[in-house]
Amino acid sequence: MKKNRELFHKSKEFADRILVSLKFRNFRLYFGGMCVSLVGTWIQQIAMSWLAYKLTGSVLFLAGITFMAQIPILLITPFASVFVDRFNRHSILLFTQSLSALQALLLAWLTFSGVIEIWHLMALSLALGLINALDNPARQAFYPGLVAPEHLNNAIALHSTIINGSRLIGPAIGGIIIGIAGEAFCFFINGISYLGVIIALLNMHLPPRHSRKTHPPVLTDLNEGFLYVTGHLPIRSLLLLMSIVSFFGLPLVTFIPAYVKDILNGESEMLGYMLSCIGLGSLMAALGLAARKTMGGLEKLITIHTFLLGISLSSLAFIHSPLLAALILIPTGFSIIMTVATINSLLQALADEDKRGRVMGYLAMTFTGISPLGCMALGYLEKYTRLPAIILLAGIVCILASITFEYYRPLIYKYSRPLLLGKGIKKSSPPAK
């Protein structure tokens with residue numbers, strides 16, 4: 001009996017540590033709204049990928065959909081992030097989420113009517129990319145302010161949990177809906193799901209955000225953000241690693257439909273299960289990060305899980321069994337989120353508040369904006385070789401990137417530790433050289 005009570009108290013303490021950010025009302029609203037919206041987003045994403053490959057049978061067009069959705073984030077986000085630091089982030093999110101809902105409903109109408117063509121998918125992907133170029137940095141800079149500073153890491157981890165929990169649920173639901181009702185119904189569900197986050201935003205009680213009455217020219221603020229990012233060794237190093245992972249590691253998710261159809265000989269249901277395996281690993285990683293008490297040792301986690309990502313991708317290149325592929329995709333999803341979320345946590349902690357929007361803009365560029373370039377480059381190479389060779393190349397590059405980051409990790413720690421201590425964020429003992 002005593003052991004049962006101790007186990008219960010330990011379990012409760014563990015759960016309280018994971019969910020500590022949810023004691024803040026505004027973050028609870030944000031969390032609930034995003035849970036609804038992001039499931040719809042993943043349902044739409046799998047439907048768009050499946051529809052694009054069904055219409056064309058081309059890996060290059062499949063990569064093109066991702067390219068059109070994400071290239072605006074690379075080109076426009078630096079300018080958009082300036083406005084995130086200037087204006088009310090809450091109002092910006094209401095605007096971008098409403099536009100995203102309209103984009104999904106238009107996509108549903110075109111598909112229901114039977115007139116949908118590949119150029120429609122390309123154009124509407126581009127429209128969503130333009131919206132996300134403003135939405136991504138606004139969202140990344142907005143939600144950390146909904147919790148106390150000491151719970152920043154937990155809030156970031158819970159945000160990753162939403163994203164990856166929806167990645168686990170959304171694709172599986174989407175694959176089933178495609179088989180039963182078709183892609184159009186997936187798009188319609190996503191359009192309606194945006195009501196979750198819009199209602200949550202409207203019900204928040206936020207303190208007034210004081211901003212400067214006059215602003216320097218946009219190019220001045222843009223240049224200030226660029227100099228801040230490039231002159232800050234830890235931030236610069238983290239963004240560079242994120243760029244490499246995004247270019248070589250993240251395109252795997254884009255190529256999964258082709259991998260399932262051509263190598264595993266599966267249909268949409270199998271695609272949903274495979275993406276759900278990535279989501280399961282991602283969710284496990286996010287929950288593990290949420291349970292951490294401190295930010296100590298995050299640099300080492302980045303090294304370890306970038307290396308694990310490379311090993312997972314390299315292994316996947318030699319697998320033709322659906323069961324083995326599913327098992328490998330779990331650590332793949334785990335390592336992707338451990339790498340991305342820990343980089344995000346460190347960047348959020350290191351960035352000054354008045355420059356956070358611009359730093360998060362560069363994070364959006366490297367995480368989301370670089371990925372379409374990788375998709376197009378690797379998709380083009382696939383014309384001259386086989387898909388497994390492309391996946392193997394990506395894995396090898398991620399392994400080399402992790403080794404390089406580990407070499408410079410003591411120097412990164414040396415520069416970041418005083419900054420984090422100055423903000424009241426304690427770190428563990430320095431890493432061994």
Side-chain angles (χ1 to χ4, degrees), residues 29-49 51-52 65-77 79-81 83-84 87-112 116 120-143 159 162-167 169-171 173-174 177 183-204 253-254 357 360-361 363-365 367-369 371-372:
L29 286 168
Y30 175 84
F31 186 89
M34 292 301 291
C35 282
V36 175
S37 176
L38 286 173
V39 170
T41 298
W42 281 105
I43 290 174
Q44 172 165 306
Q45 185 162 325
I46 186 176
M48 284 195 75
S49 297
L51 182 58
I65 293 293
T66 302
F67 180 85
M68 298 300 282
Q70 296 179 354
I71 195 62
I73 297 173
L74 178 65
L75 301 178
I76 298 173
T77 294
F79 298 93
S81 62
F83 295 97
V84 173
F87 301 112
N88 188 295
R89 295 163 184 169
H90 178 259
S91 300
I92 291 173
L93 287 177
L94 281 171
F95 175 69
T96 56
Q97 293 294 301
S98 300
L99 287 181
S100 297
L102 290 175
Q103 184 267 359
L105 292 174
L106 178 57
L107 190 56
W109 177 76
L110 287 170
T111 312
F112 272 127
I116 192 75
H120 292 129
L121 294 178
M122 291 285 192
L124 288 171
S125 294
L126 178 62
L128 185 61
L130 293 170
I131 297 166
N132 284 337
L134 179 59
D135 180 83
N136 281 0
R139 185 156 27 92
Q140 292 287 347
F142 174 72
Y143 76 84
H159 188 258
I162 310 171
I163 294 172
N164 298 295
S166 62
R167 186 199 295 263
I169 299 168
I173 296 174
I177 292 175
E183 297 87 355
F185 199 64
C186 293
F187 303 143
F188 178 75
I189 289 174
N190 182 45
I192 298 301
S193 74
Y194 281 102
L195 289 174
V197 71
I198 291 171
I199 292 171
L201 289 168
L202 290 173
N203 281 279
M204 288 181 183
V253 179
T254 300
M360 292 301 103
L363 174 63
M365 284 175 60
F367 176 53
T368 309
S371 182

Tell me whether [X] contacts the main-chain N or O of [Y] through its side chain, where contact means a donor paired with an acceptor under 3.5 Å.
X: Ser193; Y: Asn190; value: yes
X: Asn203; Y: Ile199; value: yes
X: Ser49; Y: Ile46; value: no

Please find the pair of heavy atoms, one from [X] and one from [Y], that lie closest to each other, and give the distance.
X: Cys186; Y: Gly174; answer: SG-O, 3.9 Å
X: Gly33; Y: Ala200; answer: CA-CB, 4.1 Å
X: Leu201; Y: His90; answer: O-NE2, 2.6 Å
X: Gln97; Y: Ser37; answer: OE1-OG, 4.0 Å
X: Leu126; Y: Pro72; answer: CD1-CG, 3.6 Å
X: Ala138; Y: Arg89; answer: O-CB, 4.4 Å

May I ask you to check whether over 12 heavy atoms, not counting those of Phe188, lie within 6.0 Å of atom CZ? no

Side-chain heavy-atom pair [X], [Y] within 4.5 angstrom cut-off:
X: Leu128; Y: Leu107; result: no
X: Tyr194; Y: Gln103; result: no
X: Leu94; Y: Ile198; result: yes
X: Phe187; Y: Leu51; result: yes
X: Trp109; Y: Leu106; result: yes

Once rounded to the nearest 0.5 Å, what's the spacing between atom [atom1] of [X] and atom [atom2] of [Y]?
X: Ile131; Y: Leu102; atom1: CD1; atom2: CG; answer: 8.0 Å
X: Arg139; Y: Thr96; atom1: CZ; atom2: OG1; answer: 7.5 Å
X: Thr111; Y: Met48; atom1: OG1; atom2: CE; answer: 8.5 Å

Take Cys35 and Phe31, measure what side-chain contact (heavy atoms from CB on, under 4.5 Å) needs, and give me the verdict at the end. CA-CA 6 Å; Cys35 282; Phe31 186 89; 3.6 Å; yes

Evaluate side-chain contact (heavy atoms from CB on, under 4.5 Å) for Leu124 paired with Leu110, printing each intermediate quantity in order. CA-CA 11 Å; Leu124 288 171; Leu110 287 170; 3.8 Å; yes

Specify whether Phe112 and Phe185 have parallel, tilted or perpendicular ring planes, treating 30° as the upper limit for parallel and 60° as the lower limit for perpendicular. perpendicular

